[in-house]
There are 2 protein chains.
Amino acid sequence: MTHPKRRGRRPAGEDTKAALLSAARAVFTEQGFDGATVRTIASRAEVDPAMVNHWFGGKQGLFAAAIQLPVDPEQIRMTVHNSPPEEIAERVLRTFISVWDDSSGGGFAALMRSAATQESAAKLLREFIATTFGTRLRELGVDHPDLRVTLFGSQLSGLGLVRYVLRQEPLASADVDTLVATIGRTLQRYLTGDLGLGGE
Amino acid sequence: MTHPKRRGRRPAGEDTKAALLSAARAVFTEQGFDGATVRTIASRAEVDPAMVNHWFGGKQGLFAAAIQLPVDPEQIRMTVHNSPPEEIAERVLRTFISVWDDSSGGGFAALMRSAATQESAAKLLREFIATTFGTRLRELGVDHPDLRVTLFGSQLSGLGLVRYVLRQEPLASADVDTLVATIGRTLQRYLTGDLGLGGE
DNA sequence: GGATAAATTCACTACTTGTTGAAAAGGAGT
DNA sequence: ACTCCTTTTCAACAAGTAGTGAATTTATCC
């Protein structure tokens, strides 16, 4: 054993880029952006920290690559825009659940933990939701459109929090139909139902 | 001008301890425990970083002093236990709102941001909610008590998220009665209402 | 097989963090 | 006025951070 670790190009097949990505998803999910260190990620990927710079240009680039949202904003916008009013909630909820359930590495948790510190992602998300749903609701002519959007957002983000971040049972493993029956009904009321406010 | 800053004991009245506490609440709330740095807090308090050690024994001590929860768990437990079933949601919601609205420095945001990384606080909170509400619901003999508790938690934490962390209008400034009318109704349905699940 | 390019390691820089200890400054008590 | 003692500042440390660049090893192409 002359060297602690073999230098130079490794035999093909050991895809360090993929290993880094996988480790990054795990660590970012657990620790958030600031909490995660390049060294920790590299060590979990059994790879040199410098590889992060080599492959992704730095910590920020690795983060961007690791947390690529499995969401196509345009698709959601279309869903909201083209659904009949009374089905918007169910369709969006089903999309929400299938997207984040599939995102194997707990992408939502990562998003939450990073949004708390990064703030920029949260702002984008916020504005996206506000405009997408806001315009549609105004189009439909319901009362208190802005309040409805934030109510909708509160229940949806709360679901994400409990299901994906806290992983609290039985909600964490509840099947889609159960969620649609319970939370979907709430969401639909927030969008187009009777809010229960006296005036008007 | 012989010295950049005057050394030594300051004239009485400039309570640096209080200044530090106030700055600490603000910065911890905005950045969370890890994100906040002693230097930032000290600088906002216009005070030397070393004062944190002098007065609070370190960053951890300052945190403990700054974040004292304005919640009395026993009080909530009593509310849940002694309320007639159909009023639990409204009472808990009103308590929740008044407690966290009063907590001037955004205590909920600090709790969330720290809970995301610290995890121990989250676990405690989770178990507290699960047992308190779980036992009461089982006592009442409703179906799916555990699911109901998590649904309840999802809407309540979502409200906290949007109102206190993201501060999204108009929900962030909505008055108590509006919240009771909209979200309270949801919460009550989750606790004792019809969940909409086929079976039973 | 020899040249080239890619992949990896390592030593290093520059910076930030929390914390420490000594020195300085001024009030308080006698 | 003289001594304490508290408060404050400053400089520095040890540990940890991300990122850089040269050196080195290996695959791949001609």
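Residue numbering restarts at 1 for every chain, and letters A, B, ... go by the order of the sequence lines.
Partners of Glu87(B) according to the salt bridge (charged side-chain N to carboxylate O under 4.0 Å, His left out) rule, which considers only residues two or more places apart in sequence or in another chain, are Arg91(B). Taking the side chain to side chain donor-acceptor pair (under 3.5 Å) definition, one finds that Thr132(B) meets it with nothing, sequence neighbours left out. Here Arg94(B) pairs with Glu90(B), Asp177(B) under the salt bridge (charged side-chain N to carboxylate O under 4.0 Å, His left out) rule; sequence neighbours left out. Partners of Glu139(B) by salt bridge (charged side-chain N to carboxylate O under 4.0 Å, His left out), not counting sequence neighbours, listed by chain and number: Arg136(B). Scored by the side chain to side chain donor-acceptor pair (under 3.5 Å) test, Thr186(A) finds Arg189(B), Tyr190(B) as partners (sequence neighbours excluded).
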Extract from the structure each pairing of a protein N or O with an N or O of nucleotides 15-18 of chain D at less than 3.5 Å, listing the distance.
from    : atom 1 : to       : atom 2 : distance (Å)
dA18(D) : OP1    : Val38(A) : N      : 2.9
dA18(D) : OP2    : Val38(A) : N      : 3.2
dA18(D) : N7     : Arg39(A) : NH1    : 2.9

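A sub-4.0 Å separation between OP1 or OP2 of dA7(C) and a side-chain N or O of Thr16(A) is absent.
Straight-line distance from the NZ atom of Lys17(A) to the P atom of dT8(C): 11 Å, rounded to whole Å. Nucleotide dG18(C) holds its P atom 12 Å from the CD atom of Gln60(B), rounded to whole Å. Atom P of nucleotide dT8(D) and atom CZ of Phe56(B) are separated by 12 Å, given to the nearest angstrom. Atom-to-atom, CE of Met51(B) to P of dT6(D) comes out at 13 Å; the value is rounded to the nearest Å. Distance, Leu62(B) CG to dT17(C) C1': 15 Å, rounded to whole Å. Atom CG of Leu20(B) is separated from atom P of dT19(C) by 13 Å (rounded to the nearest Å). For Asp48(B) and dA11(D), the CG to C1' distance is 11 Å, given to the nearest whole Å.
Taking a cutoff of 4.0 Å between a charged side-chain nitrogen and a carboxylate oxygen, Asp146(A) and Arg138(A) qualify as a salt bridge.
Listed nucleotides dC10(C), dG21(C), dT8(D) differ in distance to Ala50(B); the shortest reach to its side chain belongs to dG21(C). Residue Trp55(B) has its side chain nearest to dT8(D) when only dT8(D), dT8(C), dT9(D) are considered.
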